[in-house]
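Report on the structure given below.
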Amino acid sequence: MSKVKIIVSSNSGFCFGVKRALDIARAALKKKGKVYSLGPIIHNPQVVRGFSERGLKIIKNIKTAVAEDAAILVPSHGIDPKVLKNEKVICIDTTCPLVSRVQRIVKDLRRRGYLIVIVGDKKHPEVKALAGLAGRNAIVLKDRKKAGSFKPGSKKIAVVSQTTASFSTFKEILSEIAKKDFTELISFNTVCRNTIDRQKDAERIAGKVEVMLVIGGRQSANTSRLADTCRRVNRNTYHIETGKDLEKKFYNGKKRIGIATGASTPPSAIKEVVEKINEATT
Ligand code: F3S
């Protein structure tokens with residue numbers, strides 16, 4: 001019997017938005033045989049590979065030569081609606097309803113003339129889409145330092161966040177902005193519930209174990225942030241993609257190992273890691 005106790009976060013595996021996006025993509029592929037996706041449908045290379053084998057073709061740009069009536073899948077993190085405007089394609093929208101909600105909030109804030117602060121990573125597709133919707137009256141801030149040096153230049157400020165941002169970073173940025181000069185400051189906690197629960201539970205487990213493994217795609221921003229959150233309480237935190245990334249130092253002589261995952265990590269990846277650790281320590 002393995003001497004290692006492995007604690008898997010109860011908030012692991014696919015989130016509701018990712019599950020929903022994959023179900024829509026599966027149904028579209030079944031019906032059409034070939035579907036294009038604007039960027040990877042989710043940030044997990046193993047899952048994306050499986051879909052590519054079934055006919056999902058990833059394109060970076062809508063201008064890529066696609067037939068007029070091609071089926072284009074909008075990923076779960078959404079895109080700027082302007083991208084598809086005037087395109088004669090069939091749009092299959094897998095945008096998570098919680099991402100759509102932030103998009104609606106941003107559109108409304110723009111209409112009401114707010115300077116819109118988006119807490120998040122400006123390179124992430126969800127944030128790019130939000131910034132596109134917010135127009136010229138928007139700024140993306142990723143951390144407290146950036147918030148400290150930011151000069152609003154407007155007295156009406158509204159703050160929203162990327163759905164997968166760190167909740168503590170969101171609060172830190174908000175408190176920095178509250179020190180600025182303003183006549184109105186409103187904020188919307190648009191970090192999704194699943195992200196908050198995932199971060200809290202991973203942090204709790206990381207504080208109780210010798211090694212914390214965070215499983216997820218290397219390009220998955222929410223997995224990297226989750227690993228950063230865990231590393232704050234446990235410096236023996238490692239971001240791995242699959243069981244192939246396991247190293248002996250992660251489990252040799254260890255009694256308690258924690259596991260958490262990003263929102264786009266399939267349950268099969270967790271099973272593989274747990275089995276490999278058990279095999280190696282039995
Ligand atoms: Fe949606 Fe939250 Fe997942 S915004 S895609 S449920 S991480």
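In each ligand, atom 1 is the first atom listed, and ligand 1 is the first ligand listed.
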- prompt: How about Ile116 and Val106: do any of their side-chain heavy atoms sit closer than 4.5 Å?
  reply: yes
Note, Val214 side chain near Thr261 side chain (heavy atom, < 4.5 Å)
no
Where ligand 1 meets [X] - atom numbers and elements under 4.0 angstrom, heavy-atom basis:
X	value
Thr164	7 (S)
Thr195	7 (S)
Thr163	4 (S)

The single option from Ile259, Leu213, Thr281, Val209 that satisfies side chain to side chain contact (heavy atoms under 4.5 Å, CB included) with Ile6 is Ile259
Checking heavy atoms under 4.0 Å, the part of Asn222 that sits near ligand 1 is neither
Honestly, for Ser76 the part within reach of ligand 1 (heavy atoms, under 4.0 Å) is neither
If only side-chain N and O atoms count, and only distance matters, is there a donor-acceptor pair under 3.5 Å linking Glu126 with Thr163?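 Checked: Thr163/Glu126 side chains pair up, N/O donor to acceptor below 3.5 Å.
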Open item on the list: I want to check a possible cation-pi pair here: Arg54 against Phe51, using under 6.0 Å from ring centre and within 45° of the ring axis as the test.
Closed with: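 Yes, a cation-pi geometry.
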re atom 2 (Fe) of ligand 1, the protein heavy-atom contact at minimum distance is Cys192 SG, 2.3 Å
Exercise. Nearest protein heavy atom to atom 1 (Fe) of ligand 1, by residue and atom, and its distance?
Worked result: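 Protein heavy atom with the smallest distance to atom 1 (Fe) of ligand 1: Cys96 SG, 2.3 Å.
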Handout entry: Cys15 backbone or side-chain N/O/S under 2.8 Å from atom 1 (Fe) of ligand 1
Key =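 Short answer: no, not a single N, O or S atom is under the cut-off.
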Does Lys128 come within less than 4.0 Å of Asp80, counting only side-chain N to carboxylate O?
->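 Answer for the salt bridge query: no.
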